[in-house]
Amino acid sequence: MKIASWNVNSLNVRLPHLEQWLRDAAPDVVGVQETKLEDARFPDAVLAALGYRTVFHGQKTYNGVAILAHDRMIADVQMGIPDFHDDQKRVVAATVDDVRIINLYVVNGQDVGTEKYAYKLRWLEAVHDWIARELQAHPKLVVLGDFNIAPDARDVHDPAVWNDDHILTSTAERAALQRLLALGLHDAFRLHNDEAGVFSWWDYRQAAFRRGMGLRIDLTLVSDALKPLAVASGIDREPRTWERPSDHAPAWVQLAR
DNA sequence: ATGGTCGACCCTCGA
């Protein structure tokens, strides 16, 4: 079972890329972020033609998330974080076969010290408390998404810039990610790969992709129960080379079954 | 050089 996460930065623009990548990579489950589409405009029929069932939780202009599952039923769908009021559509969870999938579009946070940064930390705290409960109910859990946090210095192109005081790498953000992992989750990429400089996001500005100036902020986390089944993982850079690309590349984990 | 490029939308904001 191949499970992936991709921030498409507008599904309206990127639907052809998603279709192409689904054909190329043949993932079984995909969590998509930044669809930027109201639910009425979600292209579920196009994805159904490729064999994918979908659930989606979207809004106009900003945010928006979805889960795609190839040839599999999607059950027990949860939109948003329970008991956490949020007008921003950033979370969808569902059960596919016997695996619970939580798809997150984590708050960006703009800059350390801003109101958006405070919202990011509050939001991560609510996610933490919810996932603690989800793990009790669903030991076979995958948490994936655009985390907008680079876990450590290997995950940034320039650690002097992306330091303890910088957005996406600040001490409090990384601590929030570590608290999530401490619940019994594992960064699947790091189960199979310890090298530095493998990234999932490159800014559109400064020709960052061509110059290798990226960050690894798109993660797939597997629970203790699934860790022994995680046989491979990676980041597929190729869609970032296509014409008019998303600024993110898909990250994936393969579960043996 | 406090920018750069996108996407959505209406002119500027969010990333």
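By convention in this document, chain letters (A, B, ...) are assigned in the order of the sequence lines, proteins followed by strands, and residues within each chain are numbered from 1. These numbers were taken from a predicted model, which means no experiment stands behind them.
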Watson-Crick or G-U counterpart of B/dG14, or none if no pair lies under 3.5 Å = B/dC6

Mind checking whether A/L141 and A/V91 sit in one hydrophobic cluster, side chains of I, L, V, M, F, W, Y counted as touching below 4.5 Å?
-> yes

Take atom CG of A/N12 and atom C1' of B/dC6, then tell me their distance rounded to the nearest Å.
-> 14 Å

Whole-Å distance between B/dG4 C1' and A/D203 CG?
-> 9 Å

Path from A/V65 to A/V99 over hydrophobic side-chain contacts below 4.5 Å = yes

Go through the side-chain N and O atoms of A/Y52 and A/D28 and say whether any donor and acceptor fall under 3.5 Å apart.
-> no

How would you label the contact of A/R240 with the nucleic acid (heavy atoms, under 4.0 Å): base, sugar-phosphate, or nothing?
-> nothing

How many Å lie between CD on A/E38 and P on B/dA8, as a whole number?
-> 13 Å

Find out if a path of hydrophobic residues (ILVMFWY) with successive side-chain heavy-atom gaps under 4.5 Å connects A/L144 to A/V222.
-> yes

How far does the P atom of B/dG4 sit from the matching atom of B/dC13, given to the nearest Å?
-> 13 Å

Please check the phosphate of B/dT5 (OP1 and OP2 only) for any side-chain N or O of A/R244 closer than 4.0 Å.
-> no

On DNA chain B, nearest-nucleotide positions of A/A207 versus A/N7: which is more 5'?
-> A/A207

Under 4.0 Å between a side-chain N/O of A/R205 and OP1 or OP2 of B/dA15, yes or no?
-> no

Distance, C1' atom - from B/dG3 to B/dA15, rounded to whole angstrom = 16 Å

Do any side-chain nitrogens or oxygens of A/R90 fall under 4.0 Å of OP1 or OP2 in B/dA15?
-> yes

Per the under-4.0 Å heavy-atom filter, residues of residues 56-63 of chain A near DNA chain B come out as A/K60, A/T61, A/Y62

A/D218 and A/H248: side-chain donor and acceptor closer than 3.5 Å?
-> yes

Do you see a donor-acceptor pair shorter than 3.5 Å between the side chains of A/H157 and A/W202?
-> no

Any cation-pi pair here, A/R90 with A/Y105, using under 6.0 Å and within 45°?
-> yes

Take A/Q206 and A/Q88, find for each the nucleotide of DNA chain B with the closest heavy atom, and name the residue whose nucleotide sits nearer the 5' end.
-> A/Q206

